[in-house]
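Report on the following structure.
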Number of protein chains: 2
Amino acid sequence: MAKIKTRNNGTKKAVIVQHAAMLFKSKSYSASSMRDLAERVGVEAPSLYNHIGSKSELLQSICFTVGNTFIEQIEQIANSHHSIVHKLETIIRFHISMMAENFDEIYVANHEWKHLKEPYLSDFLNIRRNYEKRLVQLITAGIENKELQPINPYVAVLTILSAVRGLEFWQRNKKNISRQELENDMVNLLLHGIIK
Amino acid sequence: MAKIKTRNNGTKKAVIVQHAAMLFKSKSYSASSMRDLAERVGVEAPSLYNHIGSKSELLQSICFTVGNTFIEQIEQIANSHHSIVHKLETIIRFHISMMAENFDEIYVANHEWKHLKEPYLSDFLNIRRNYEKRLVQLITAGIENKELQPINPYVAVLTILSAVRGLEFWQRNKKNISRQELENDMVNLLLHGIIK
DNA sequence: CAGCAAAACTAACGCTAATTAGTTTTTAAA
DNA sequence: TTTAAAAACTAATTAGCGTTAGTTTTGCTG
């Protein structure tokens, strides 16, 4: 009979993936060994293979969960009926909240996707390109709209995405500033360089 | 007699370090092997050890060259007699030019410093903290000065540094936009969120 | 309590890694 | 042309990797 391998709230695989995200974040994918991971999970390395297929499957799981979450979110926001400025603000705040609540996975997806194997590597890059394209469209619409300054939309997207990604440095220095203050200041800083 | 191992313009060690930067950038430090590196240099792996001490020495060399370059530059700019806004603009443009002209080393210093061994790891992090501290001081002075908006200086530094670091994505898509346009747009975008 | 599948374990395989030892080739000055 | 150091080579060492095979333990179900 199929036994559900739960521990509190999820499958054992989910537990392993979560530990993998923390491990890959702190040591990088290539420098992390399955023996390291096993130790964190509290098990011998070969036992992991009762639950997962391979080391690289862990990376895939992390990267695509993150990628799909962002794609879903931007579709939902883009299809809503608000001003472009409001949509941009919502997107920026979503990035910040993801950074605060799912830091490990996002860090890994941002830094370790390079080690995905084909065809997953290409798939992941497509997801990312798609996300950027939607953001460019949004900003372009805002410029035609006269809501936004006539800047190069590509530069705006690059700047916004880089700034929110940079919140990983805030994660290391959380004491310096509260999330609320950070979120508001960053939204203002980024939007005031754009809004007309 | 000490023979100078030059090839065109530098020591053989410099050639190896440059190849190492390109290799570490494309495959990450941990996933790069000395055999990979040797192949790029055009030599067998053990031959590298006639010129370098170890793999990790290569990473040290890359990270500290980059770190010291930025520290020197910010000291020079901070000690100059210009407005804060002008100093900030100069710093941002310096980052962009470094990103354009020394991309491999900067990418590696930004992404692979984690694999430095002690005490180099601590030294490197100190350099970086120092750099950020100087930037925070500059922006704080600009706020007291009334040149800048009364925002949180830490957020401003975080945003600026992240945005210029994000130029690594531009490096992959250089066709989309010229460096001049990028440089001007980004300087405007960042400063207009700050300037009073 | 019996039985059975899930999931743990130990042992080991085949590879690849960084590095060292020892030797030969190259290079350039005397 | 001799010579000696610099820098290349081959071969080997030690260590760790992801993963598989085979076996034992665990814990639920009847």
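Keep in mind that this is a model prediction, so the values were computed, not measured. Just so we're on the same page: letters track the sequence lines, and every chain starts at 1.
Considering only side-chain N and O atoms, A:S47 lies nowhere under 4.0 angstrom from the phosphate OP1 or OP2 of C:dA7. The side chain of A:S33 places no N or O atom within less than 4.0 Å of a non-bridging phosphate oxygen (OP1 or OP2) of D:dG16. Proximity of A:K12 to the phosphate of C:dA8: a side-chain N or O atom is located under 4.0 Å from OP1 or OP2. Of the side-chain N and O atoms in B:H51, none sit less than 4.0 angstrom from OP1 or OP2 of D:dA6.
Nearest nucleotide to the B:P46 side chain, out of C:dT10, D:dC9, D:dA8: D:dC9. In this structure, of C:dT20, D:dT20, C:dC9, it is C:dC9 that holds the atom nearest to the side chain of A:V43. Across C:dA8, D:dT19, C:dT19, the shortest atom-to-atom separation from the side chain of A:S54 is found for D:dT19. Of the candidate nucleotides D:dA8, D:dG18, C:dA17, D:dG18 has the atom lying nearest to any side-chain atom of A:M34.
Atom NZ of A:K13 and atom C1' of C:dA6 are 16 Å apart (whole Å). Atom NE2 of B:H115 and atom P of C:dA17 are 16 Å apart (whole Å). Following rounding to the nearest Å, B:Y49 (OH) and C:dA17 (C1') show an atom-to-atom distance of 9 Å. If you measure from atom CD1 of B:I52 to atom C1' of D:dA8, you get 15 Å, rounded to the nearest angstrom. Between the CG atom of B:L37 and the P atom of C:dA18 there is a distance of 9 Å, given to the nearest Å. The CD-P distance, from A:E44 to D:dT24, rounds to 17 Å in whole Å. Between A:D36 atom CG and D:dT19 atom P there is a gap of 14 Å when expressed in whole angstrom units. In this entry the distance linking CD of A:E57 with P of D:dG18 reads 15 Å, nearest Å.
Between A:L48 and B:G53, the residue anchored nearer the 5' end of DNA chain C, judged by the nucleotide with its closest heavy atom, is A:L48.
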Derivation and outcome, salt bridge (charged side-chain N to carboxylate O under 4.0 Å, His left out), residues B:K27 and B:E112: CA-CA 11 Å; B:K27 296 187 58 169; B:E112 306 293 334; over 6 Å; no
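Using a 3.5 Å distance cut-off with no hydrogens or angles, the side chains of B:R93 and B:N184 do pair a donor with an acceptor.
Within 6.0 Å of OH in B:Y120 there are 12 or fewer heavy atoms belonging to other residues, nucleotides or ligands.
The base of D:dG18 sits within donor-acceptor range of the side chain of A:R35, with an N or O pair under 3.5 Å. No hydrogens or angles were tested; on distance alone, a donor-acceptor pair under 3.5 Å links the side chain of A:N50 to the base of C:dA8.
Note on B:S32: only backbone sugar-phosphate atoms sit closer than 4.0 angstrom, heavy atoms only; bases stay farther off.
Salt bridge status for A:E39 with A:R35: absent, with no side-chain N to carboxylate O gap under 4.0 Å.
Remark: side-chain polar atoms of B:Q171 are paired, donor with acceptor, to backbone N or O of B:M99 under 3.5 angstrom.
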